[in-house]
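Because the structure is predicted, anything quoted here is derived from the model rather than measured.
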Amino acid sequence: MTSTPSSKRTSSNSARQPTDEHETDMEDLSQVLRHRREKFDALRERGIEPFAYNFSPTAVASDAIADFEAREKAEELPEDGFSDRVKIGGRIVGWRDMGRSIFAHIEDSSGRIQLYFKKNLLGEESFETLGLLDISDWIGVEGPTFRTRTGEVSVQVESYELLTKSMRPLPFGKVETDPETGERTVHSGFQDTEMRYRRRYADLAVHPEVRETFRTRSRIVTALRSFLDAEGFLEVETPVLQPLYGGASAKPFTTHHHALDQKMYLRIADELYLKRLIVGGLDRVYEISKDFRNEGLSRVHQPEFTMLEWYQAFSDYEDQMDLVERMVLHVLDEVMGSRTLKLGEHEIEVEAPFRRLGLVSGLSEALGRDVHEMTEEELRAKAEEVGAPDLHGAGRGKLIDKLFGELIEPDLIHPTFVIDHPKELSPLAKPHRSDPRLTERFELYIGGAEIFNAFSELNDPVDQRERFEAQTALREAGDEEAQQIDEDYIRALEYGMPPTGGVGMGVDRLVMMLTGQPTIRDVILFPILRNEE
RNA sequence: GACCCGGUAGCUCAGCUGGCAGAGCAACUGACUUUUAAUCAGUAGGUCGUGGGUUCGAGCCCCACCCGGGUCACCA
């Protein structure tokens, strides 16, 4: 071999002139992508279709391994050590070419399994074609399982077919497994957070643990549904496009309906529609919905997020605290199989009943004096003293809330119901039956974050109108998030809404807590990012 | 929105006081029929986020912008 292969390749490259658009594209591709394209063309030249139509596996990888080990343990393996033939489909994630034999790993939904290709078993042509395969291609293989000399259960491939040629390599890190501890070390993988979110498909393909997080998310949502279904709740769907927005304090996304020539808003909450259903006699309803708030992004905020809200006639917020406790424990038992939560450095045991802490009484205790006795000026001075930000135009209620947020909230790691909020903070909540300055409301904090928010729902239409009007005054004073007056909702209350307890829950945040993910982006498949370019 | 940090090969990153653009892995060629971060020999691969500026000379200094991350603020 006199001329080196590389010099052959280089000369053929330089000889190629960009004669048409296809060639020009090829010139623009990076070297890595160009090589893939060349293999793709070579496969077609050999009459091999790079994009198959279907494949019927007889097993997934983990089952094939488990079956082999079971037969081995039962001493049912034949003399030669080869077990039954299996057909497995998966993505090539590792490749070790030994000349006349090749070891590879494929990965399917269940995990990885090693493949062993032998030239004298596959034949010259079939074995040569393996050279046109790459990491991240999808293949289907067939052959018996056996245990290699180094002890790994593998498939000895008797035949294989290309299912999909990958034209772009996935950034798999090399995985080193400690034979003693089984501990996995990933070498130079796919770390760039921006790319991981923008190209979630690649992130999922490369990181089994990311796939697992989203499987867990799905199981959590299923468990929430089955819990409410079993409690006699009806799942309903209410409008996403709304002529008015309400049910929360937030800035909306605005859009326009052309045929009606009408301004519309994407919902910021489901609350007012769901309570209309309670008026109508659907006495237990819930909705799992995407809500939209035109606000900043953070570790715990996305503009598009998933909310669960439910409303139960004849109940109050005490009843709902009981229900929430049972729901949280149900999800832990059903999905996590454990009542222990790992939240950063904290490891906490979740037990009912959760701690209950009066917002005003808790704050009074922390300050060493009765908050109700303090003037607005005193509250403001105190808030400034503890460094609470953005106090412009804050009234009593807001000041109390800010003080609570600064002094107490960060320590609410264990599940804690914060209860009985000041009236001006809660325009949709019923006045407290024993203190008219307060409302019957709770927020459940876990890991320092608010996850549930609930009230005994305000059902007095006269009071509701006054609360809306107070919100309108706030709006006119410049509070962009103050709620609008919803005449139709007041009319619904005038028909009569039975006593009702209602709860809203941030699904994404609950999933964060349960799966131990540090940011909300890690539990949302396609988090919002700014457009590329 | 404000502040801080970052953007260099397909991936992970280095690049000193401004002086020829680097490594590991991946890729390509060859050797190797039980390897597993395979190994060994060789080769190729770059709009240094973008646009200006300073300079004999800019990945590095200056200005503006784009994108991301973190922190803060608002909301769940």
| note | Between A/Trp95 and A/Arg149, whichever has its closest RNA chain B nucleotide further toward 5' is A/Arg149
| task | Please state the C1' separation for the pair B/rU34 and B/rU39 - nearest whole angstrom. | result | 14 Å
| query | When you check the phosphate oxygens OP1 and OP2 of B/rG68, does a side-chain N or O of A/Arg199 lie under 4.0 Å from one of them? | reply | no
| field | Ring geometry between A/Tyr116 and A/Phe103 (parallel below 30°, tilted from 30 to 60°, perpendicular above 60°) | value | parallel
| Does A/Arg530 put a side-chain nitrogen or oxygen below 4.0 Å from OP1 or OP2 of B/rG68? | yes
| request: Between B/rG15 and B/rA58, how far apart are the C1' atoms? Round to whole Å, please. | output: 14 Å
| said: At less than 4.0 Å, is any side-chain N or O atom of A/Arg521 found next to OP1 or OP2 of B/rG69? Yes or no. | reply: yes
| task | Find the distance A/Met195:CE to B/rG10:P and express it as a whole number of Å. | result | 11 Å
| request: Pull out every stem in RNA chain B, meaning runs of 3 or more consecutive Watson-Crick or G-U wobble pairs with both distances under 3.5 Å. | output: B:1-7 with B:66-72, B:10-13 with B:22-25, B:27-31 with B:39-43, B:49-53 with B:61-65
| query | Could A/Glu295 and A/Lys251 be called an ion pair, given the rule that one side-chain N must be under 4.0 Å from one carboxylate O? | reply | no
| query | What about A/Arg100: does its side chain form a donor-acceptor pair under 3.5 Å with the base of B/rU33? | reply | no
| query | Which of residues 110-129 of chain A have a heavy atom under 4.0 Å from RNA chain B? | reply | A/Gln114, A/Tyr116, A/Lys118, A/Asn120
| With no angle test and no hydrogens, is the base of B/rU34 tied to the side chain of A/Ser101 by a donor-acceptor pair under 3.5 Å? | no
| request: Report yes or no: does A/Gln156 contribute a side-chain atom to a donor-acceptor pair with the main-chain N or O of A/Phe117 at less than 3.5 Å? | output: no
| OP1 or OP2 of B/rA27 less than 4.0 angstrom from a side-chain nitrogen or oxygen of A/Lys39, does that happen here? | no
| request: Output yes when at least one side-chain N/O atom of A/Arg96 is less than 4.0 Å from OP1 or OP2 of B/rU35, else no. | output: no
